[in-house]
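The structure appears right after this line, and notes come after that.
As the structure is a computational prediction, the values presented were derived from the model and not from experiment. Below, read A as the first sequence line, B as the second, and so on, with proteins coming before strands; counting in each chain starts at 1.
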Amino acid sequence: MAEERSLNFIEEIIEKDIADGVNAGRIQTRFPPEPNGYLHIGHAKSICLNFGLAKKYNGKCNLRFDDTNPTTEETEYVESIKKDIEWLGFKWDNELYASDYFEKIYDFAVSLIKKGCAYVDDSTAEEIAATKGSTIQPGKNSPFRDRSIEENLRLFEEMRDGKYEDGAKVLRAKIDMAHANLLLRDPVIYRIKHAHHHRTGDKWCLYPLYDFAHGQSDSIEEITHSICTLEFIHHRPLYNWFIEQLGIFPSKQYEFARLNLTYTVMSKRKLLKLVNEGYVSSWDDPRMPTLSGMRRRGYPPEAIRNLCDTVGVAKRENMIDLSLLEFCVREHLNKVTDRVMAVLDPVKLVITNYEETGDVFEIENNPETPNGTRSVPFSKELWIEREDFMEDAPKKFFRLTPGNMVRLKGAYIVKCEGCNKDEHGNVTEVLCTYLPESKSGNDTSGLTVKGTIHWISVAHARTAEVRNYDRLFKVEDPSSEEGDFKEYINPEALQILPSVYIEPSLMKAKPGECYQFMRKGYYCVDTDSTSDKIIFNRTVTLKDTWAKETRKN
RNA sequence: AGUCCGAUGGUGUAACGGUAGCACCACAGUUUUUGGUACUGUUUGUCUAGGUUCGAAUCCUGGUCGGACUACCA
């Protein structure tokens, strides 16, 4: 019954390659993060693509850490990246590191020198930048460009042996200082860094740059389809040039447009600022677009995978509506979460004609995916939402207003008789009478009411902290606005309710578990919860057409 | 300014020379013991000017607009 789905452009390339017998139909991809930060929703698209393609075409997908810059990379990031990928639901075939190939990559450089295709340059970084030229001006040859092969070989070995300070010399590929593509103007491929590497320790003081590590690693692993984002498109000619000069496995690079989301930022630099300057509490703050933040927020991995699947793969710049992510989240949570009652902004409801009989109602947990029932104690005094009562209500208000009837979810129909107020005119108690014959399950009243509201028995209520999260920014694209992006942070992205009433059944809730608070939203138990204090994070609200209606007026 | 990439409703994505479709959003309705869910329907689109063709979103040319590139980061 699978719907016929059109292929994205990478799938088309792969299917053509398989049909043409390229690499005997073998498909090998890789996900190549640099372990210098946390993964975000943008990485999820790349992960779903690379692992998804391998799965679809009976291929393999490696996890390869592009760890060629020892000053920014740490083992802590390696661990978080692995955890996030596993959480998303993918398994890599091999866990590999570019640093495992340092010896091989060094040998590649030597062979390039021997071919006369690389030279040691003593110029400073400033000098190299100054002679690079510009988009409209050719660059100038370095005075060290014509050193002999023997001298280059000797100097490069000395660089490896630690004879020189950081920055004293670099190795450059000898290509064309007038090339229209700036990356082909004798790119630096090795630099000296006397720095401790998270895996190779102090063994090396010479490290390859991205362009002389990434493609080489792809070749070593015999990656057939090396998929990256659009900004690497200019690197492809260089990627291919090295493969050709070195005569190594011809991996092919393909580029797709990265994922952008409205109401957030994705750049590592900006996310780092949010953390360092205290706008959010940490990398896994539920407001963050990081995978760890989304996990803590309660976004299920199924929803993220579904989002990535839905947005597709193409080469044009895009900006995905946050509402699409929220749709995916609700779609999944609706199927799997148990419904429970929690009163976030309470006011007391008194059922004046109710004699305490010890009613306990069995209420179904999930009308979508039947999952049993739970016991919910009832009594004469209940907490209800303050917004569910209005003394002077508009026409289409289906909740409590004098003379109107509503059903208390899973219990009785009650009729609103009025309210009590304090000296300031604030409602302190809503007064109702109930209809004994309207008992849920064997209702003989013959009445139908338009509204159903949730409630918590005052005598049985427990409390929890609730953290209501909302979008991190007030504008769709903070990065394109005037001034500092931080000016557009939404100050209401986190609202903490220290003590909300929850039904007793929730006392057993464990960190990470998700529930639907009826009529309010999806909530998950935060990892900050302790045995005597449960904390719920709002993952996403329910759609609220009534709120929309009131906003219109 | 140069090189490269791109342009289909508000958003994202299909249509591979032959009926512009799907999803989200928005709006309206039906069902509902969640103003949720489910279901039905509605509005809205091929950047522009030429050309090729019986026929162009698709092919060609020019323009316009958007993005990327001038790190010893990846």
Side-chain angles (χ1 to χ4, degrees), chain A residues 3 5-8 12 32-34 36 66-69 71-73 121 123-125 128-129 132-139 166-167 169-172 179-183 185 187-193 207 209-211 213-214 228-237 255 257 259 262 268 307 310-328 330-331 334-335 339 341 363-364 367-368 396-399 406-411 413 438 440-441 443 448-454 476 516-521 541-550:
Chain A
E3 192 118 327
R5 246 196 98 164
S6 49
L7 304 175
N8 65 49
E12 284 181 356
E34 183 189 11
N36 71 343
D66 250 349
D67 54 350
T68 56
N69 186 356
T71 51
T72 59
E73 296 152 6
D121 195 331
S123 307
T124 63
I128 290 175
K132 190 106 189 174
S134 71
T135 51
I136 49 166
Q137 288 242 306
D166 288 8
K169 286 178 165 49
V170 292
L171 185 70
R172 292 228 257 171
H179 203 286
N181 182 340
L182 288 305
L183 282 163
R185 318 244 264 228
V188 174
I189 58 176
Y190 261 98
R191 82 291 216 185
I192 299 170
K193 269 196 186 206
Y207 295 93
L209 275 103
Y210 169 84
D211 285 304
H214 193 94
C228 60
T229 46
L230 247 30
E231 66 269 28
F232 291 100
I233 206 158
H234 304 272
H235 294 250
R236 196 191 332 135
E255 310 86 10
L259 179 150
T262 55
K268 211 170 268 180
L307 174 81
T310 305
V311 301
V313 179
K315 299 187 79 154
R316 58 187 101 97
E317 302 286 338
N318 60 77
M319 180 67 82
I320 306 296
D321 264 342
L322 179 62
S323 51
L324 181 59
L325 206 210
E326 293 183 336
F327 167 80
C328 293
R330 290 190 187 107
E331 184 187 42
N334 176 51
K335 287 184 284 204
R339 275 59 171 171
M341 296 192 283
I363 302 182
E364 68 175 341
E368 303 298 318
K396 289 197 282 185
F397 186 78
F398 303 141
R399 308 176 188 182
V406 302
R407 175 169 297 276
L408 296 170
K409 173 67 190 178
I413 291 174
S438 68
S440 189
D443 183 345
T448 54
V449 292
K450 283 237 175 180
T452 298
I453 65 171
H454 59 282
E476 283 199 354
Q516 185 197 100
F517 286 1
M518 292 198 78
R519 304 206 299 138
K520 292 273 104 184
T541 59
L542 256 30
K543 283 178 73 174
D544 191 343
T545 50
W546 172 246
K548 212 176 288 175
E549 180 75 24
T550 27

Selection from B:rU3, B:rG35, B:rC25 that lies nearest to any side-chain heavy atom of A:His234: B:rU3
Residue A:Glu73, side-chain atoms from C-beta onward, closest of B:rC27, B:rG35, B:rA74: B:rA74
Sugar-phosphate only, base, or nothing, as touched by A:Asp321 at under 4.0 Å among non-hydrogen atoms: base
Pair A:Arg519-A:His454, side-chain donor/acceptor within less than 3.5 Å: yes
Calculate the interatomic distance between [X] atom [atom1] and [N] atom [atom2]; express it in whole Å.
X        : N      : atom1 : atom2 : answer
A:Leu183 : B:rC69 : CG    : P     : 10 Å
A:Tyr207 : B:rA74 : OH    : C1'   : 16 Å
A:Glu317 : B:rG6  : CD    : P     : 11 Å

From A:Thr68 atom OG1 to A:Asp66 atom CG, the distance as rounded to the nearest 0.5 Å: 6.0 Å
Euclidean distance, A:Met341 CE relative to A:Phe517 CZ, rounded to 0.5 Å: 12.0 Å
Do the side chain of [X] and the base of [N] come within less than 3.5 angstrom through a donor-acceptor pair of N or O atoms?
X        : N      : result
A:Arg407 : B:rU33 : yes
A:Glu255 : B:rG6  : no
A:Arg316 : B:rG67 : no

pi-stack flag for A:Tyr210 and B:rA74, centroid dist under 5.5 Å, interplanar under 30°: no
